[in-house]
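A short write-up of the structure that comes next.
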There are 2 protein chains.
Amino acid sequence: MLTDRQLMILQVIIDDFIDSAKPVGSRALSKKDTLPYSAATIRNEMADLEESGFLEKTHTSSGRVPSEKGYRYYVDHLIGPEIHQHGLGIIEKLTNNGIYEFEQIVQTAAEALSELTNYTSIILGPEMFEATVKQIQVLALSDQSAVAILVTNTGHVEHRSFTLPTGVSSSDIEKLVNILNDRLYGVALYKLPEVIQNEVASLMMRYMNGVDSSLNWIRTLFTQEQAVKLYFGGKANILMQPEFNDVDRIRSFYALMEREDEIVNLLKNSNQGIKVSIGHENEVEEIKDLSLITASYHIGGGQMGTIALIGPTRMEYKKVLSLMQAISKEMTGAMGKWYGDKS
Amino acid sequence: MLTDRQLMILQVIIDDFIDSAKPVGSRALSKKDTLPYSAATIRNEMADLEESGFLEKTHTSSGRVPSEKGYRYYVDHLIGPEIHQHGLGIIEKLTNNGIYEFEQIVQTAAEALSELTNYTSIILGPEMFEATVKQIQVLALSDQSAVAILVTNTGHVEHRSFTLPTGVSSSDIEKLVNILNDRLYGVALYKLPEVIQNEVASLMMRYMNGVDSSLNWIRTLFTQEQAVKLYFGGKANILMQPEFNDVDRIRSFYALMEREDEIVNLLKNSNQGIKVSIGHENEVEEIKDLSLITASYHIGGGQMGTIALIGPTRMEYKKVLSLMQAISKEMTGAMGKWYGDKS
DNA sequence: GTTAGCACTCTCTTATTATGAGTGCTAAAT
DNA sequence: ATTTAGCACTCATAATAAGAGAGTGCTAAC
């Protein structure tokens, strides 16, 4: 439906606009040596491309700007696979001293991604529903307070401080910890509340005194929702984009960035691979004029998180896509290697 | 040096400007029933106040705007103590189920502070140099990887994952943990590297095999600087201030907010109590047109952190000062209570 | 099918001209 | 000796007008 020449022109226009952010006109195009046609010819083709919906004008006599349909076509057909070299080795550098700091790896990756692109990157920590309990420990800090620590098989550590119910002795705690470890070892986090309710409760009744109150806080302790953590990289970098030259635009963007649960929903990327959402393809009002790219990474054991990048629809898709592919692979590699799961 | 009437006028002008952000003129002032003088009289007084440096004009024929000296005088002499009622109970609500989540308390406080003021709040986590080791644990996750957990007497939990040096058996780990707990219990965090070097090293030499490599990673493990954590509240709220109606202003502000170490330096508030830095009183270029208020809070055991609020020099000092006093007290209360230290 | 030529459109910049809030100063009023 | 009214003057801001420039669409020639 599109001639080769039209495709070629479309590509050049989009490349140019991505680079300059200014509507591109026929004269300027014909001067480029990539297109050996006169301005008039190009004008005709552009008119056709506009009619087919791939281009738009900002006003009657302006140059052309890619439409969302144009970008979509560009992303789907016009950019070849081009593996990106930059950014590789970022994570390796962090882990090659043998110390593996999940938070630090993710944070660094997010910052690198943003730095290399000048867009805003967001990384979603892995969902930990499926991680299982490796060890539970309760450590008294004083007569009244204690800290409970839970380690998962993936090496994540959750901890929570709390006040000890009155009348709980240190031997009680010891018993409790034994019961918990005995019964909860290997249990997936999402099953915890249920298992506590069904198995642990009765055991506690049998072997401990003053259980009623204790049971309550144990439940609270482990029922706290395991919120997915967000790691932002360079929220300020996106301000360099000319699209953000408007104060209200900035306001609405930053306001959205603070509504973390909405962001989480936005990013949850159940399907594998890389997904590109251009402009109105996004559900959320505030980014209907932006593009969102998400990619998943895996930490093994079926757990995964999401890497995302938000920028203007006029995004350097070529660069970004290969970069995200690289980083997602790198993260999956680093994490997977970590605990031997080669999934 | 200033007459009562001048003081009164100064106060009204500042109050008005804080509220409206617009230069205040003599006509408008004389209409207010607080000042029973004609516009001309007020003009004369304003001219005097300008000569003494308390007021400024934005251009020859504009209304007056408080100078930094004016704000300074206002803060030092013109606002009485007025305990703020809002915001109290925020933290109590979080802790009264017996669960004490340090991060959550601080984060909530920061958000509340920003929400109530529409400025940007930053809370510095406590410096933990003086916290002491309560327990150290190393938990193997697989043949190759393990996680080390350190709990302090204040209930903070630090953890780090790492790859096990080859040739380290699980009995080695057990020995190691015993040595570490034996020697490091009660040792302040800032002394850790030293103590490890002097005491632990020799013991390890004596009782363990293949120590050379192990020692190295243990040192790395605990030498990682204990970075002070920053908690931001509502970075977007400050955008509501008319002072931030300029894109470049926003850019430079957010750029600063990402240079976390600079922020930490800026906020470290060694002296007790509340400190107000107005405009050029600040060292950092990017906030020479803003005001910074810092207050310290204590978590007991001599450890403390800092609460800070950044807003335009045209800040609601009255409200902000009492509010910060309240929150700082509330946090100190909640935390101090926590582990029985009533310092 | 391609291109040169030309009239036309629309934005953006710059210059010009009000408009109005506010000041400083002088002279009259209290 | 203060206080106040009156008035000329200043400067920022808003509104209007006039060009300049880039780009388009269409027609006619190549």
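Chain identifiers are assigned alphabetically (A, B, ...) following the order of the sequence lines, protein sequences preceding nucleic acid strands; residue numbering begins at 1 within each chain.
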For the pair made of [atom1] in [X] and [atom2] in [N], what is the distance, rounded to whole Å?
X        : N      : atom1 : atom2 : value
A:Arg64  : C:dT11 : CZ    : C1'   : 16 Å
A:Glu51  : D:dC26 : CD    : P     : 10 Å
A:Glu50  : D:dG25 : CD    : C1'   : 11 Å
A:Gln6   : C:dG1  : CD    : P     : 13 Å
A:Ile42  : C:dT2  : CD1   : P     : 11 Å
B:Leu49  : C:dT23 : CG    : P     : 13 Å
B:Leu55  : C:dT23 : CG    : P     : 11 Å
A:Asn245 : C:dC12 : CG    : P     : 13 Å

Query raised in the report: Taking side chain as C-beta onward, heavy atoms only, is B:Val264 less than 4.5 Å from B:Lys268?
Result: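 When only atoms from C-beta onward are counted, B:Lys268 and B:Val264 do touch, with a gap below 4.5 Å.
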**Report entry** Short side-chain to backbone donor-acceptor contact, A:Ser67 and A:Phe54, under 3.5 Å
**Finding:**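 Yes; at least one donor-acceptor contact below 3.5 Å.
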Query raised in the report: So, A:Lys318 side chain and A:Asp15 main chain: donor-acceptor pair closer than 3.5 Å or not?
Result: no
Requested in this report: Tell me which residues in residues 13-33 of chain B put a heavy atom below 4.0 Å from DNA chain C, sorted by number, or none.
Outcome: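 Heavy-atom contacts with DNA chain C come from B:Gly25, B:Ser26.
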Query raised in the report: In terms of side-chain geometry, is the basic nitrogen of B:Glu243 or B:Arg249 positioned less than 4.0 Å from the acidic oxygen of its partner?
Result: no
Query raised in the report: In Å, rounded to the nearest 0.5 Å, how long is the span from NZ of B:Lys319 to CD1 of B:Ile18?
Result: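 It comes to 11.5 Å.
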Query raised in the report: CG of A:Leu256 to CD1 of A:Ile310: how many Å apart, nearest 0.5 Å?
Result: 6.5 Å
Requested in this report: Show your working on side-chain contact (heavy atoms from CB on, under 4.5 Å) between A:Leu2 and A:Asp48 and close with a plain yes or no.
Outcome: CA-CA 9 Å; A:Leu2 287 183; A:Asp48 287 354; over 6 Å; no
Requested in this report: For each nucleotide in nucleotides 1-17 of chain D, reading 5' to 3', give B when a protein heavy atom comes within less than 4.0 Å of its base, S when such contact involves only the sugar-phosphate, and - otherwise.
Outcome: --SBBB---BBS-----
Query raised in the report: Would one find more than 12 heavy atoms of other residues, nucleotides or ligands at under 6.0 Å from atom CG of A:Asp248?
Result: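 Enclosed: over 12 neighbouring heavy atoms sit under 6.0 Å from CG of A:Asp248.
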Query raised in the report: Does atom NZ of B:Lys69 have more than 12 heavy-atom neighbours from other groups under 6.0 Å away?
Result: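 Atom NZ in B:Lys69 is packed in, count exceeds 12.
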